[in-house]
Amino acid sequence: MPPRELSAPREGSQGRGGDPAPVRGGMDVTELKTRFAQALATHTGLELGAVEAAIARPPDLALGVFAFPCFPLAKTLRKAPPAIAAEIVASAQAPEGTELVAAGGYVNLRLQPGILARQAVESVQAWQTTSRVSGSGVGRTVLVDYSSPNAGKELVYHHIRSTAIGAALCRMYEAAGWKVEAVNHLGDWGTQFGKLILMWLREHGMDQEAALADLPSVTLSTLNRMYVGFKPAAAEDPAMEEEARLWFARLEAKEAFARTCWERFIEVSIAALNEVYVRFGAKFDHFLGESFYEDKLEATIERIRQAGILEESEGAQVVRVGDDIPPCLIRKRDGATLYATRDLAAAIWRHEHFGCDRALYVVDAGQSFHFRQVFEVLRRMGEPCAHGCIHVPFGLVLGKGEDGNWSKVSTRSGTGAPLPDVMDRAAARIRETMVSLAEKRALENPSREQDSFSDRELDQVSEAIGVGALVFNELKSRRAADTRFDLDSILSFEGDTGPYIQYAYARLSSILRKGGEVIAPEAARWSLLCEPETERVASVVSQFPERLDAAVEANEPSVIAQFALELAEAVHSFTHHHRVLEVDATPERMLLVETARRTLAKALTLLGLTPVERM
RNA sequence: GCGCCCGUAGCUCAGUCGGAUAGAGCAACGGAUUUCUAAUCCGUCGGUCGUGGGUUCGAGCCCCGCCGGGCGUGCCA
């Protein structure tokens, strides 16, 4: 029985050269917020923490960078909020480089021209030198269990969801200072391997020696062919079902022939998986499949028994986990163990070997129930790993059916198609677009010098944009939402898409290429970076660390995806409104362009997209 | 039946700790190219935030009821 069936799979930055100058004398965003809070606290008699918690961001950057609502004070002070705001502004001292403005019931903190840009530049320099965007996770370890497909089968499109989310989470945690252990809980055990062994034997006339000798020729498509072929073959010869079960029993008994075949099948599967994983930068520190825990199950059950929570119920062994949900099945009536048993053994083993503070299970929302049970059993066992276990659920990948309605995975809509094939198709479509666009440009503007691409570059760029577009589509919405597979809108250069962000990055890169050297921040005339479009870029850039922290705490890659979109929009607006090269403010604008570019590259990389210099 | 998730513009979605006029993209319509990539930008149109109560100075957000949809629910994984 395959673990985690189709509908339920478990599933570099390119900064420019040049050493960033050391940051000094600057004030980053959080520091500024604290100073603002201090100024307010002394004049309101409120606790610093309470003030800091109340501070919000105004809806419009023109109002300021921070806002303090005075409404809650109205009752105690017995004054109208606008009057309170006016009083605070009159008496409190604004931090250096800022001014306080009363607006309605709010006290807003406004920055002097260019301060925002300076903050952005210094913020990026700070995280660039430590190569970590935020330090909130330093000293802690997180284990991320993701992708976790069945061995012996090809990845199909919907596997992209767990893989993209999990891989992004790994990089996000790393960027926040965590030590990350990425684990692939491969479905590498069960009767399906009895079927594969039997099929392989049949293909060699039931001659074990011949079958063994031919093992090196096994590829993923061999496995796939046998997997698909078993059902029709067994329909003709019903005895095969029993034979397959027998072969799995021999595998469990470590019988040499079965074991050797199985090892080769797993080896081929992992190699094939890695070929796909590398295309979205998914990496695993450990492939620890279900088979790995087989010899640890009895000890796990013994531990449950010793905790005094194992009960007999209707012939099975169970643990009661609450009044509102059914008990967690540990051992079936026939003595066999279950999915939950393996997850319990895995949770305990992993915690003992990796010492992780947090363990994420990036598995679809359909298995919420299962994880609730497993985590509750761990808690009742008194296992220390229990409190750090977090199920990170996500919605379905929907495809458009022939009737035009969105529905679950199916081969026809493309969501059940092999994942590498879809990636190839996406890359090919981007390649076509690039070529036809180049032709169009040459026609419309024959005098202008056009970028030309070698075949190799064209391949690399279209791969990065095409695959990146697929990944971005899976990450841009909240995990809980279902995503929709519609290649046309995914690959569009317009709207909330990967290519739109890539284009912003390529534009910035192009400007930097043509602009040459970037000045040191110490030499910058900050007040020249004061237009609304310029400040918008600076504002978004300077929010990166806090947004990353929020994303990590919520285990939500979409927070980073939305951030990347916001930054891309700000960048497009900026480059459209303001010339960077050959103007008075060129040195300063170049500095901002470089800062935005580095930030965009980092955000894209966190999500699993490869930034492209030209497109 | 019970549990979990979801319901925001015609469509797809954001909306942070409850805070200022609920924001984007697509679609539709109208503009912008002597300009570093127009794969872009700017504007117009479009909302009883499913619904009825409650808490609050203030609710898309919190609480309760109802309606609609999805997923799950004892020997699969």
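Below, read A as the first sequence line, B as the second, and so on, with proteins coming before strands; counting in each chain starts at 1.
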Considering only atom [atom1], compute the distance from [N] to [M] and round it to an integer number of Å.
N     : M     : atom1 : result
B:C61 : B:G15 : C1'   : 9 Å
B:G7  : B:G52 : C1'   : 16 Å
B:C26 : B:C66 : C1'   : 34 Å
B:U73 : B:U56 : P     : 42 Å
B:A59 : B:G54 : C1'   : 11 Å
B:C29 : B:G23 : P     : 25 Å
B:G60 : B:G18 : C1'   : 11 Å
B:G47 : B:C13 : C1'   : 15 Å

Does [N] have OP1 or OP2 sitting under 4.0 Å from an N or O in the side chain of [X]?
X      : N     : value
A:K514 : B:U37 : yes
A:K440 : B:A39 : yes
A:K476 : B:G25 : no

What does [X] touch in the nucleic acid at a heavy-atom separation under 4.0 angstrom: a base, only the sugar-phosphate, or nothing?
X      : result
A:A340 : nothing
A:D482 : sugar-phosphate
A:K75  : sugar-phosphate
A:V318 : base
A:H578 : base
A:P499 : nothing
A:L581 : base

Can you tell me how far [atom2] of [N] sits from [atom1] of [X], to the nearest Å?
X      : N     : atom1 : atom2 : value
A:R484 : B:U12 : CZ    : C1'   : 7 Å
A:D496 : B:G23 : CG    : C1'   : 11 Å
A:E439 : B:U37 : CD    : P     : 20 Å
A:F493 : B:A38 : CZ    : C1'   : 14 Å
A:F472 : B:U12 : CZ    : P     : 18 Å
A:Y503 : B:C36 : OH    : P     : 10 Å
A:Q502 : B:U40 : CD    : P     : 13 Å
A:L329 : B:U73 : CG    : C1'   : 12 Å

[options]: which one has an atom nearest the side-chain heavy atoms of [X]?
X      : options             : value
A:P327 : B:G74, B:A38, B:A39 : B:G74
A:A481 : B:C36, B:U37, B:A14 : B:A14
A:E494 : B:U40, B:A38, B:C75 : B:U40

Fill in the blank from the handout: Taking every heavy atom of A:L604 against every heavy atom of A:Y505, the minimum-distance pair comes out as CD1-CB, 4.3 Å

Problem - Heavy-atom pair of closest approach, residues A:L48 and A:T34 - result: CD1-O, 4.4 Å

With distance as the sole criterion, is a donor-acceptor pair present between the side chains of [X] and [Y] under 3.5 Å?
X      : Y      : result
A:S492 : A:E494 : no
A:R614 : A:S510 : no
A:D364 : A:H158 : no

Exercise for the section: Tell me which of A:P326 and A:S368 sits closer to the 5' end of RNA chain B, going by the nucleotide each one is nearest to. Expected result: A:S368

Handout entry: Test item: A:N184 side-chain N/O and A:G289 main-chain N/O as donor-acceptor pair under 3.5 Å
Key = no

Nucleotide N/O of nucleotides 41-44 of chain B paired with protein N/O under 3.5 Å:
residue	atom	partner	partner atom	Å
B:C41	OP1	A:Y500	OH	2.5
B:C41	O2'	A:H576	ND1	3.2
B:C42	OP1	A:S573	OG	3.3

Short N-O contact, [X] and [Y], less than 4.0 angstrom:
X      : Y      : value
A:R429 : A:D488 : yes
A:E531 : A:R536 : no
A:R331 : A:E298 : yes

Handout entry: Point-to-point distance, once rounded to the nearest 0.5 Å, from CD of A:Q367 to CZ of A:R372
Key = 15.0 Å

Handout entry: Nucleotide-level pairing of RNA chain B, given in dot-bracket where Watson-Crick and G-U pairs need both distances under 3.5 Å and | marks other strands
Key = (((((((..((((.....[...)))).(((((.......))))).....(((((..]....))))))))))))....

Exercise for the section: Confirm from the modelled atom types if A:R441 and B:A39 form a donor-acceptor pair under 3.5 Å, side chain to base only. Expected result: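 Result: at least one qualifying N/O pair found.
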
Handout entry: Base B:G25 to side chain A:T497, donor-acceptor N/O within 3.5 Å cut-off
Key = no

Exercise for the section: Applying side-chain contact (heavy atoms from CB on, under 4.5 Å), run through A:R161 and A:I165 and close with a yes or a no. Expected result: CA-CA 6 Å; A:R161 198 87 205 271; A:I165 292 172; 3.9 Å; yes

Considering only distance and modelled atom types, tabulate donor-acceptor pairs under 3.5 Å from the side chains of residues 577-586 of chain A, sequence neighbours left out.
residue	atom	partner	partner atom	Å
A:H577	ND1	A:S573	O	2.7
A:H578	NE2	A:E533	OE1	2.9
A:R579	NE	A:L581	O	3.1
A:T586	OG1	A:V580	O	2.7
A:T586	OG1	A:E582	N	3.1
A:T586	OG1	A:V583	N	2.8
A:T586	OG1	A:V583	O	2.8

Please tabulate, for the side chains in residues 461-471 of chain A, all donor-acceptor contacts under 3.5 angstrom to protein atoms that are two or more places apart in sequence or on a different chain.
residue	atom	partner	partner atom	Å
A:S462	OG	A:L458	O	2.6
A:S462	OG	A:D459	O	3.2
A:E463	OE1	A:R279	NH2	2.9
A:E463	OE2	A:R279	NE	2.9

Problem - Among A:F371, A:F369, A:Y146, ring-ring contact (aromatic ring centres under 6.0 Å, His included) partner for A:H391 - result: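 It is A:F371; the other options fail the test.
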
Problem - Contact pattern, 5' to 3', of nucleotides 15-21 of chain B - B, S or - by protein heavy atom under 4.0 Å - result: S-B-BB-

Under 3.5 Å donor-acceptor pairs involving side-chain atoms of residues 58-80 of chain A, not counting sequence neighbours:
residue	atom	partner	partner atom	Å
A:D60	OD1	A:A62	N	3.0
A:T76	OG1	A:L73	O	3.1
A:K79	NZ	A:E87	OE1	3.3
A:K79	NZ	A:E87	OE2	3.1

